[in-house]
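Computed over heavy atoms, backbone and side chain alike; hydrogens, waters and symmetry mates excluded.
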Amino acid sequence: MLALAEALEAEDLINNFCQEWTSHGADVEAYGNIFFGQFLVLMADETRAGVSGCSTDSSVRFVKELEKKFNIDFFNRSSLAFIIKDKIQLLPLNQLSYAYENNFINGDTLYFNNTVLNKEQLENNWIIPVKHSWLTNRLKIPFAS
């Protein structure tokens, strides 16, 4: 998790990257931000300029530079984020069943669904109850609806 000063510095770097991001010489209409001091969101409006392999590679390089600078791992897919007792808690994927079976999380626990693919999904399906996520099948939650 980034401290406030680090998050503000990272946001400046992200804004600069978004302003300079190009794809085949065309400017990419982009938005980036740090949410809750630990989630990096980087979006491109592909209706204006498609994001090519090279421009995707440049975004990955940029994120890796941020990781190195701030000693944070934005690409870690082995941890899941939940809101537990009004705080964001990371839970290793391999401890998910244990956490559920021991009531650390339940179907109503808010989960950061980092599988969202576009702005609409980010706005509507990023922070959702566990029972409305892909975790339902993994945990065999009977009351998903």
Side-chain angles (χ1 to χ4, degrees), residues 1-97 99-100 104-141 143-145:
M1 181 174 209
L2 298 175
L4 180 59
E6 292 173 320
L8 292 172
E9 182 181 355
E11 286 179 0
D12 284 342
L13 295 169
I14 293 164
N15 288 333
N16 290 339
F17 174 79
C18 288
Q19 289 175 356
E20 297 170 5
W21 197 9
T22 61
S23 178
H24 297 291
D27 290 341
V28 173
E29 183 76 24
Y31 169 81
N33 210 336
I34 300 282
F35 292 99
F36 304 105
Q38 58 190 347
F39 300 100
L40 170 61
V41 173
L42 190 59
M43 295 186 284
D45 182 353
E46 293 192 285
T47 62
R48 295 192 175 200
V51 177
S52 67
C54 292
S55 54
T56 298
D57 290 347
S58 71
S59 68
V60 171
R61 278 192 306 276
F62 170 71
V63 173
K64 290 194 175 288
E65 289 170 11
L66 284 179
E67 287 182 328
K68 191 174 185 179
K69 180 173 182 61
F70 296 107
N71 194 30
I72 190 168
D73 185 0
F74 290 117
F75 288 111
N76 183 349
R77 290 177 179 85
S78 65
S79 289
L80 305 172
F82 300 88
I83 298 177
I84 301 172
K85 296 182 182 177
D86 297 324
K87 292 186 178 181
I88 297 172
Q89 302 287 327
L90 297 180
L91 180 68
L93 181 60
N94 64 2
Q95 293 182 15
L96 181 65
S97 294
Y100 179 69
F104 294 112
I105 62 170
N106 61 48
D108 294 317
T109 302
L110 293 178
Y111 164 66
F112 288 86
N113 176 25
N114 292 327
T115 64
V116 296
L117 297 174
N118 57 45
K119 182 180 178 187
E120 181 184 352
Q121 288 179 3
L122 179 71
E123 291 172 343
N124 298 309
N125 295 311
W126 182 37
I127 304 172
I128 58 174
V130 167
K131 66 186 175 187
H132 295 152
S133 75
W134 66 273
L135 298 174
T136 300
N137 292 335
R138 188 170 185 126
L139 296 172
K140 299 178 179 67
I141 297 175
F143 48 84
S145 59

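When only modelled atom types and interatomic distance are considered, W126 and Y111 share no side-chain donor-acceptor pair under 3.5 Å.
For the pair I14 and N33, the minimum side-chain heavy-atom distance is 4.5 Å or more. At least one side-chain heavy atom of L93 sits less than 4.5 Å from a side-chain heavy atom of R138. Within the 4.5 Å cutoff, no side-chain heavy atoms of V41 are placed close to those of F74. Contact check for L135 versus F82: side-chain heavy atoms found under the 4.5 Å cut-off. Contact annotation: the side chain of E123 approaches that of K119 to within less than 4.5 Å [non-hydrogen atoms, C-beta and beyond]. You'll find the side chain of L80 stays beyond 4.5 Å of the side chain of N114, heavy atoms only. Residues I72 and L66 fail the side-chain proximity criterion, which asks for heavy atoms closer than 4.5 Å. Between L40 and F35, the closest side-chain pair of non-hydrogen atoms is not below 4.5 Å.
Distance check, rounded to the nearest 0.5 Å: CZ of F70 to CD of Q38 gives 15.0 Å. With rounding to the nearest 0.5 Å, the separation of CD1 in I128 from CH2 in W134 is 11.0 Å. To the nearest 0.5 Å, atoms OG1 (T56) and CZ (R61) are separated by 10.5 Å. One finds the OG atom of S58 at 4.0 Å from the CZ atom of F17 (value rounded to the nearest 0.5 Å). Rounded to the nearest 0.5 Å, atoms CG (L122) and CG (N124) are 9.0 Å apart. Here N125 contributes atom CG and I127 contributes atom CD1; the two are 11.0 Å apart, rounded to the nearest 0.5 Å.
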Margin query: Pair L8, D12 - check side-chain contact (heavy atoms from CB on, under 4.5 Å), show working.
Written below: CA-CA 6 Å; L8 292 172; D12 284 342; 5.7 Å; no

Item checked: Steps toward side-chain contact (heavy atoms from CB on, under 4.5 Å) verdict (L42, C18) -> CA-CA 8 Å; L42 190 59; C18 288; 3.6 Å; yes

Next item on the list: Go through L90 and N76 one step at a time and tell me if the side-chain contact (heavy atoms from CB on, under 4.5 Å) criterion holds.
Entry: CA-CA 11 Å; L90 297 180; N76 183 349; over 6 Å; no

Check: What do the steps show when you test L91 against S79 for side-chain contact (heavy atoms from CB on, under 4.5 Å), and what is the final call?
Finding: CA-CA 5 Å; L91 180 68; S79 289; over 6 Å; no

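In terms of modelled atom types and a separation under 3.5 Å, the side chain of E67 and the main chain of F75 share a donor-acceptor contact.
Residues V28 and A44 approach most closely at CG1-CB, 3.5 Å, considering heavy atoms.
The side-chain hydrogen bond (donor to acceptor under 3.5 Å, both in side chains) with K131 is formed by just one residue from the set T136, T109, D108; it is D108.
Relative orientation of the F36 and F39 rings is perpendicular, given thresholds of 30° and 60° on the angle between their planes.
Around CG of N71, the count of heavy atoms belonging to other residues, nucleotides or ligands within 6.0 Å does not exceed 12.
Using a 4.0 Å cut-off between charged nitrogen and carboxylate oxygen, E6 and K69 do not count as a salt-bridge pair.
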